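Below is one structure, written out as structure tokens, with a few remarks after it.
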Amino acid sequence: MIVTPDLGRLKAFYGGPVGAEEFTRVPEEGPVSFVGPRIDGSELGIVADESVPTGTPTRILPSIAVEDVDALLNRVAPLGGKVLGPAHDMPWGRRVAHVQDPDGNAVNLTQPVRRRGRPRAGSGRRSPHPGGPPVAHPGPRGEPGSVRLPEDGG
């Protein structure tokens with residue numbers, strides 16, 4: 001849930017680079033107080049509250065998996081967001097770009113690191129059960145389990 005003084009602005013931002021589609025609106029007609037965007041099956045809530053300040057530090061950091069982090073960075077600013085720096089490859093296998101939405105909320109755009117050739121020996125995590133899936137590294141940014149989104153945002 002994100003609380004904002006400008007619901008329309010955040011709705012447009014999350015609908016742009018990450019392709020969120022509105023699945024619910026309250027009330028259905030008239031001035032809106034809640035919008036529920038869906039991002040590839042995952043739901044987000046945006047609540048209107050004109051009294052809430054923007055740009056204050058947050059204690060959450062949503063990570064949204066996309067097809068190509070670098071390609072989406074040029075779409076952030078035109079929608080009112082801010083790119084905080086270039087994307088970086090993280091040791092846990094995610095490429096991550098740190099951005100802010102129009103209210104100043106921190107958001108990570110992530111994708112798997114694209115490696116050429118074979119992985120280095122000893123890289124990645126192994127399953128504690130032979131033949132089982134790899135164990136995901138629970139990193140603080142770009143964690144596995146994020147939703148996958150189309151590169152074109154829509």
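Model, not experiment: these values are computed from the prediction.
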Could you state whether [X] and [Y] fall into the same hydrophobic cluster, counting links through intermediate Ile, Leu, Val, Met, Phe, Trp or Tyr residues with side-chain heavy atoms under 4.5 angstrom apart?
X: M1; Y: V26; value: yes
X: L10; Y: V47; value: no
X: V3; Y: V32; value: no

How close do [X] and [Y] get, counting heavy atoms only, and between which atoms?
X: G41; Y: R38; value: N-CG, 3.7 Å
X: F34; Y: G36; value: CE2-N, 3.7 Å
X: E67; Y: Q111; value: O-OE1, 3.6 Å
X: L73; Y: V99; value: CD2-CG1, 3.9 Å
X: F23; Y: L44; value: CE2-O, 4.3 Å
X: A97; Y: V69; value: CB-CG1, 3.3 Å

**OP:** Let me know which of V18, D70, V83 forms a side chain to side chain contact (heavy atoms under 4.5 Å, CB included) with L109.
**Re:**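 Single pass found, and it is V18.
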
Subject >> Sidechain-backbone polar pair: R95 side chain, R114 backbone, donor-acceptor under 3.5 Å >> reply: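 Side chain of R95 to backbone of R114, a donor-acceptor pair under 3.5 Å: no, none is there.
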
Original post:
Is there a donor-acceptor pair under 3.5 Å between the side chain of R25 and the backbone N or O of E28?
Top reply: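 Answer holds: yes.
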
With a 4.5 Å cut-off on side-chain heavy atoms, are [Y] and [X] touching?
X: V113; Y: W92; value: no
X: V107; Y: Q100; value: no
X: E43; Y: P37; value: no

**OP:** Determine, stepwise, if the pair V76 / F13 fulfils side chain to side chain contact (heavy atoms under 4.5 Å, CB included).
**Re:** CA-CA 8 Å; V76 171; F13 178 81; 3.9 Å; yes

**OP:** Give, for atom NZ of K11 and atom CG of L79, the distance between the pair rounded to the nearest 0.5 Å.
**Re:**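 If we round to the nearest 0.5 Å, K11:NZ and L79:CG are 13.5 Å apart.
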
Original post:
Roughly how far, to the nearest 0.5 Å, is the OH atom of Y14 from the CG atom of D101?
Top reply: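 Between D101 CG and Y14 OH, I get 3.5 Å after rounding to 0.5 Å.
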
**OP:** Identify whether the distance between the nearest side-chain nitrogen and carboxylate oxygen of R9 and D103 falls below 4.0 Å.
**Re:**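 Yes, R9 and D103 are salt-bridged.
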
Subject >> Modelled atom types, side-chain donor and acceptor of T4 and D6, under 3.5 Å >> reply: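 Judged by distance alone, the side chains do not pair up.
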
